[in-house]
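Down below is the structure, laid out as structure tokens.
Each ligand, and each atom within it, is numbered from 1 in the order the structure gives. Note that the coordinates shown come from a computational prediction; the quantities given were computed from them, not determined experimentally.
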Amino acid sequence: MSVVKTLGQFIIEKQKDFPYAKGELSRLLRDIGIASKIVNREVNKAGLVDILGEVGTYNTHGESQKKLDVFANDQFISALTIGGECCIVVSEENDEPVYISSDVSKNARYIVAIDPLDGSSNIDVNVSVGTIFSIYRRLSTEGPAKIEDALQNGTEQVAAGYVVYGSSTMLVYTTGKGVNGFTLDPSIGEFCLSHPDMKIPKDGFIYSLNEGNYVHFPQGVKNYLKYCQAEDIETKRPYSSRYIGSMIADVHRNLLKGGIFIYPSTASAPRGKLRLVYEGNPMAFIIEQAGGKASNGFQRILDTEVESLHQRSPIFMGSENMVLKVEELMSIHSPELAPKEMM
Ligand code: AHG
Ligand code: MN
Ligand code: MN
């Protein structure tokens, strides 16, 4: 007899790992799981919108079809509002924090940061996209939640996860006690535990970065690329290059197979492109919990001082030995890019 464990069952079972937990975090994770199933449904029929005529229907009312990243943002915010455990949502899609002040949220103790749809430029071409989320405990103890509650460093995350809408849909999350992955079984509409206690290999043979930006890369990254492409039988080089262009999908593949994902600073973007609060920190938490390493080229991403909601960070994450190698080359060839506090 095969025993299927659903995400809901797993979350309840794990609640006992947190002696003082009152079930709020479990409910929050459940709400995120529900919203992601709705987003999954829409992502799956993205190509059908024109055929089904929904755009026409909306046009009659003077509303254009919402972009899927806005749709996903609305779904997560409304699930978190109805759920009642979240007081602030920080989202890529909203310049300002979204304060939730419904009756049910009066005593809400959690802050959620989300990238509702990561890799959204891949939607039109039927390539994997995802959702990233990060959860913090509220700091202030009375009155309405404040922006400071949302500006916490990555080390303070109580949970983080992502959903990858791929050839199958998976939800992967951590509460700081390892990483577990669940695959959506569409026939029963449930995420089922399929990848317990995920671990990233210490060594990997895949590098993922947008090589088109090569001329703008720091010298340390250019040298690391040369290293990846050089022939060396003992270290199984040259490595393979794989770049999907959805961070989630690239990091997910590397988590399973071993590899490194890099989005460095460039001449025109000195802090890189990807955002720290809802992209870098949650993925760094997961990668570290899976035994990997997540760096800004010089130091742990999670140790970065969070100063603003949409701040960016260079990202080098994946198999530990690959990240160590690129850090070594960054410190030799691009020391001028090291964060000021390290100099
Ligand atoms: P988003 O769709 O949330 O804006 O994120 C896109 C990100 C990330 O998923 C991906 O790794 C990166 O942008 C791709 O950027 P390039 O096109 O510059 O390679
Ligand atoms: Mn993104
Ligand atoms: Mn996005």
Side-chain donor/acceptor of [X] to backbone N/O of [Y], under 3.5 Å:
X: Gln311; Y: Glu307; result: yes
X: Asn180; Y: Asp197; result: yes
X: Asn153; Y: Val306; result: yes

Q. Does a side-chain heavy-atom distance below 4.5 Å link Ile332 with Asn223?
A.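 No; the side chains remain at least 4.5 Å from each other.
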
Quick one: are Tyr173 and Phe10 in side-chain contact, heavy atoms under 4.5 Å?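 Counting from C-beta outward, Tyr173 and Phe10 do come under 4.5 Å.
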
- Cation-pi between Arg137 and Tyr110: NZ/CZ under 6.0 Å from ring centre and within 45° of the ring axis? no

NZ or CZ of Lys222 within 45° of Tyr214 ring axis and under 6.0 Å: yes

Against Tyr165, only a single residue in Asn40, Asn44, Thr131 fulfils side-chain hydrogen bond (donor to acceptor under 3.5 Å, both in side chains); can you say which?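 By the side-chain hydrogen bond (donor to acceptor under 3.5 Å, both in side chains) criterion, Tyr165 pairs with just one of Asn40, Asn44, Thr131: Thr131.
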
Residues 249-258 vs salt bridge (charged side-chain N to carboxylate O under 4.0 Å, His left out), sequence neighbours excluded, gives Asp250-Arg253

Residue pairs meeting salt bridge (charged side-chain N to carboxylate O under 4.0 Å, His left out), one or both in residues 272-295, sequence neighbours left out, come to Glu92-Arg275, Arg275-Glu279, Glu288-Arg300, Lys293-Glu327

For Glu279, the N, O or S atom at the shortest distance from the Mn ion (ligand 2) is OE2

Sorted by chain and number, protein N/O/S atoms nearer to the Mn ion (ligand 3) than 2.8 Å are Glu92 OE1, Asp115 OD1, Leu117 O

Sorted by chain and residue number, the residues with a non-hydrogen atom under 4.0 Å of ligand 1 are Glu92, Asp115, Leu117, Asp118, Gly119, Ser120, Asn210, Tyr243, Gly245, Ser246, Met247, Phe261, Tyr263, Lys273, Leu274, Arg275, Glu279

